[in-house]
J.: 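The structure is given below, and queries will be raised subsequently.
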4 protein chains.
Amino acid sequence: MPPRFKKAEAEEMHSQTRQLLLDAASEYFSKLGYEKANVDRISKAAGFAKGTVYNYFTSKRDLMLELIDSIAASHFEFIANSVRQEEDPVRRLQRFFEAGFEWISANLAQGRVMLTTLNGPDLDFKERLQQGYAPMFQLVASEILAPGAESGAFRQVDLMPTAGLIMTIYLGFGATVDEQGRPPLPPEQISDFVLHALHV
Amino acid sequence: MPPRFKKAEAEEMHSQTRQLLLDAASEYFSKLGYEKANVDRISKAAGFAKGTVYNYFTSKRDLMLELIDSIAASHFEFIANSVRQEEDPVRRLQRFFEAGFEWISANLAQGRVMLTTLNGPDLDFKERLQQGYAPMFQLVASEILAPGAESGAFRQVDLMPTAGLIMTIYLGFGATVDEQGRPPLPPEQISDFVLHALHV
Amino acid sequence: MPPRFKKAEAEEMHSQTRQLLLDAASEYFSKLGYEKANVDRISKAAGFAKGTVYNYFTSKRDLMLELIDSIAASHFEFIANSVRQEEDPVRRLQRFFEAGFEWISANLAQGRVMLTTLNGPDLDFKERLQQGYAPMFQLVASEILAPGAESGAFRQVDLMPTAGLIMTIYLGFGATVDEQGRPPLPPEQISDFVLHALHV
Amino acid sequence: MPPRFKKAEAEEMHSQTRQLLLDAASEYFSKLGYEKANVDRISKAAGFAKGTVYNYFTSKRDLMLELIDSIAASHFEFIANSVRQEEDPVRRLQRFFEAGFEWISANLAQGRVMLTTLNGPDLDFKERLQQGYAPMFQLVASEILAPGAESGAFRQVDLMPTAGLIMTIYLGFGATVDEQGRPPLPPEQISDFVLHALHV
DNA sequence: TATGAATGAGAGTTCATTCAT
DNA sequence: AATGAATGAACTCTCATTCAT
């Protein structure tokens, strides 16, 4: 089936070009911010000419939105995989922070895009990001806090606000990592701090 | 002494125009971010023509830097005044969060400028902001945590990292306030959470 | 080889657009001077939108510098070609003035740009122009005066200062041409005057 | 007569302020050219506030025009005084160049304004300057060349074109003086050159 | 007379986007 | 699918000029 084969190949190429553009976008959006980053340079950095971006994304704005989606998905997947390998809620919370900072240090540019977007002035971007991060929020509430409260490992707390607090702490520290992606406090101490606060 | 009087009047006017421009800048920088905010509209919003900004600030960038200084000073002064009215370290910590969120809800635009700048891509702005916030950092470390650790109210912790953690939590929640400036958790619960974590 | 052909075509277009812009720049810089000439109008006069200039030159300043280079090269080439067709130093000197004024009257705008730049306040422009005109200076010194002095056609003079004097006279009269490019004295009389001065 | 006295004093002050402004204008127009020179800085350099310029001149353009007049008058007066101290046409010609370069080196800024204006793109300025320099042109024609031709010291030449040629040479060299106002050739050599050309 | 705050027209420059190739 | 020349809106900044004091 040569045509099929060819089509698959073409799709692969398509998807690869797309990914190269997203990666370059990550780099520039993180370094310069959305406004100062420039489509020409992103495209060039990915190895293409300016116009190519518009064969894959309808606009610079669309490029950013799709990048946000892709970052949120990758970030969530990595943390969820790690957290779900544990059963114990306390260990799960520790894993959450460990895996979280591990992802950040392995994906510095994406991490910065996420954090600047979260605190940035563009409400469309912010909303899209929050949609993307809803699963992570859920993970903390229903797969870490809920079982922990049920098992008596944590004191009784309101699930959603406390999940929010934990996300806030995670993201707060995520925003303060150094150039190698290390937080100012080791992840263990951060989870210790939170565990202290959740302790019965 | 009419000339003296006149001079004072002139200086008053000068300083007032300057303040009007800083306020308008606050508004626009917070709503649109530094890049999209536009000098013409800022000046018009303050009641002046476009060129007037350049009689008071050397550039848009300078306007932003001076705004950062002014925000940091006002923010610190408000919190320090409130914190220092208490003697007890536990009450001081509570006051820190109370006053902090009170300032934010009374200065929403400034608060947003501060938070977007802190997480934004512009390193000059970030550095200037960090210089401006150094006193607040000091306040937490040496006027809240140190006496608390000494009096036995808090467990022994490393001062600076813990001050950083508290600032991170404060700013993290500061970034999540709603349109009326209310944090998702009441300040008491946030300080409770931290106090739990600091408890002996 | 269609791609080759296409490439050559593209380069041709590129170079043509560039030349149109340089020509329009000549026109405006000569009529209004560098400061009052305006990029928008230059671009429009060349048949393009304002932004197009910046696809070919990095700035208005760069446009001017490249125009200076192009003028100096064209001016020198024309004069050198004419001078070198003669062997006799006296005839060469006459040709120098004849060809010089011929070039000026055929390139009025470029001539005016050259002369205003030479006497203008911008030192960068001036320096660039002097670099561009160094070959013409050389031509006078080593291909006209030196052989003339050697053959006894001219009296013994210091080569470089005298070359400077001749250039000064040429440019001085170049600056006084009328709207059709005619100098106030016919070129023959000018070279006569100089020949009188150089006569043994 | 106190009122009279006062009035004279006031006029003196007026005239002095005016002169200070003209001097500062000279400085800035020569250094930066008319377009880039800026009224505020000229006024400040003269020791006044921006607005003061407009109490003495109707516009920046008017300031320039009056400066041109003042330069031409001073330049002519200096040269004419020197030339007229001689009787011999040959000596007069030598004096012309000597005094000319002496004036230039003692009035560098004014000299540069004159020369850039002469070759600059602004036709109003140029015309005003030519009006101002008409007397000097006359001086050369009727007080140097005419008596020289009559007495047989010079060969028969057309007066006005030759006066133009001499002015062109003078101004051409004037445009090439170094930072101390010295021409590339000593004035004696320049007048020698011209005398050679005029010799019977 | 001297001042300098305010003005706003006008400039150079950037860059997202289009589209013919 | 990939290109990159062309576009023009939008932006920051400068500065001659006015005018109330």
Side-chain angles (χ1 to χ4, degrees), chain A residues 10 13-14 17-18 35-44 47-63, chain B residues 2-3 6-7 9-10 13-14 16-18 35-44 46-63, chain C residues 2-3 6-7 9-10 13-14 16-18 35-44 47-63, chain D residues 10 13-14 17 35-44 47-63:
Chain A
M13 285 277 283
H14 183 276
T17 299
R18 204 187 131 86
E35 299 299 340
K36 298 216 79 177
N38 137 343
V39 173
D40 190 7
R41 281 197 274 277
I42 289 172
S43 216
K44 285 284 199 324
F48 301 94
K50 186 175 8 193
T52 298
V53 166
Y54 293 89
N55 294 329
Y56 292 86
F57 305 94
T58 60
S59 64
K60 183 187 180 184
R61 186 155 272 271
D62 177 47
L63 171 59
Chain B
K6 259 189 175 166
K7 203 172 180 183
E9 224 178 312
M13 285 276 283
H14 186 277
Q16 191 199 320
T17 299
R18 205 187 132 86
E35 299 299 340
K36 297 218 76 175
N38 144 334
V39 173
D40 190 2
R41 279 196 277 277
I42 289 172
S43 213
K44 286 285 199 329
F48 300 96
K50 146 167 65 166
T52 298
V53 167
Y54 294 91
N55 294 336
Y56 292 86
F57 304 93
T58 60
S59 62
K60 183 186 181 187
R61 217 175 171 69
D62 177 47
L63 172 59
Chain C
K6 259 189 175 166
K7 205 172 178 180
E9 224 179 313
M13 284 274 284
H14 186 276
Q16 192 199 320
T17 299
R18 205 186 132 85
E35 299 299 340
K36 296 219 78 173
N38 143 333
V39 174
D40 190 2
R41 280 195 276 276
I42 288 173
S43 214
K44 287 284 200 327
F48 300 96
K50 154 166 58 170
T52 297
V53 166
Y54 294 90
N55 293 337
Y56 293 85
F57 305 94
T58 61
S59 62
K60 183 187 181 186
R61 219 176 168 69
D62 177 47
L63 171 59
Chain D
M13 285 278 283
H14 183 276
T17 299
E35 299 299 338
K36 297 216 80 177
N38 135 345
V39 173
D40 190 6
R41 281 196 273 278
I42 289 172
S43 215
K44 287 282 200 323
F48 301 94
K50 185 175 6 193
T52 298
V53 167
Y54 293 89
N55 294 329
Y56 292 85
F57 305 93
T58 62
S59 63
K60 183 188 180 186
R61 185 155 272 270
D62 176 47
L63 171 59

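Letters go in sequence order (proteins before strands), and every chain restarts at 1.
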J.: Atom NZ of D/K60 and atom C1' of E/dA9: how far apart are they, to the nearest Å?
T.: 15 Å
J.: Rounded to whole angstroms, how far apart are CG on D/D40 and P on E/dG4?
T.: 10 Å
J.: To the nearest angstrom, how far is C/K36 atom NZ from E/dA9 atom P?
T.: 16 Å
J.: Atom CD of A/E35 and atom P of F/dA9: how far apart are they, to the nearest Å?
T.: 19 Å
J.: What is the distance from atom CD1 of C/I42 to atom CG of C/L63, rounded to the nearest 0.5 Å?
T.: 5.5 Å
J.: Any idea which of F/dA6, E/dT7, F/dA2 is nearest the C/F48 side chain?
T.: F/dA6
J.: For atom CZ of D/R61, is the number of surrounding heavy atoms from other residues, nucleotides or ligands below 6.0 Å larger than 12?
T.: yes
J.: Specify the separation, in whole Å, of atom CZ of B/F57 and atom P of F/dT12.
T.: 15 Å
J.: Going from OG1 on A/T52 to CZ on A/R18, what distance comes out if it is rounded to the nearest 0.5 angstrom?
T.: 14.5 Å
J.: What's the closest nucleotide to the D/T52 side chain, out of F/dC15, E/dA11, E/dT3?
T.: E/dT3
J.: Minimum heavy-atom separation for B/A49 and B/S43, please, with both atom names.
T.: O-OG, 2.7 Å
J.: In whole Å, what is the span from the NZ atom of B/K44 to the P atom of E/dT7?
T.: 9 Å
J.: Looking for any heavy atom pair under 4.0 Å, which part of the strands does D/K50 touch: base, sugar-phosphate only, or nothing?
T.: base
J.: For C/R41 and for A/V39, find the nucleotide of DNA chain E with the closest heavy atom, then tell me which residue's nucleotide is more 5'.
T.: C/R41
J.: Using only atom types and a distance under 3.5 Å, with no angle test, would you say the side chain of B/K60 pairs donor to acceptor with the backbone of B/A37?
T.: yes
J.: Give, for atom OH of D/Y56 and atom CG of D/D62, the distance between the pair rounded to the nearest 0.5 Å.
T.: 14.0 Å
J.: Distance check needed: F/dC11 P versus B/L63 CG, whole Å only.
T.: 16 Å
J.: Could you tell me whether D/A37 contacts a base, only the sugar-phosphate backbone, or nothing, with contacts defined as non-hydrogen atoms closer than 4.0 Å?
T.: sugar-phosphate
J.: NA contact type, B/Y54, heavy-atom cut-off 4.0 Å: base, sugar-phosphate, or nothing?
T.: base
J.: Among F/dA6, F/dC11, E/dA2, find the nucleotide with the atom closest to the side chain of D/N55.
T.: E/dA2
J.: Verify the contact: side-chain N or O of A/T17 to OP1 or OP2 of F/dA2, cut-off strictly under 4.0 Å; return yes or no.
T.: yes
J.: Once Watson-Crick and G-U wobble pairs under 3.5 Å are found, how is DNA chain E written in dot-bracket notation, 5' to 3', with | for any base paired to another strand?
T.: .||||||||||||||||||||
J.: If you assign each of C/S59 and B/S43 to its closest nucleotide in DNA chain E, which residue comes earlier from the 5' end?
T.: B/S43
J.: Contact class for A/N38 (heavy atom, under 4.0 Å): base, sugar-phosphate, or nothing?
T.: sugar-phosphate
J.: What distance separates B/K50 NZ from B/D40 CG, expressed to the nearest 0.5 Å?
T.: 5.0 Å
J.: Could you tell me whether D/R61 contacts a base, only the sugar-phosphate backbone, or nothing, with contacts defined as non-hydrogen atoms closer than 4.0 Å?
T.: nothing
J.: Contact class for C/Y56 vs. all strands (heavy atom < 4.0 Å): base, sugar-phosphate, or nothing?
T.: sugar-phosphate
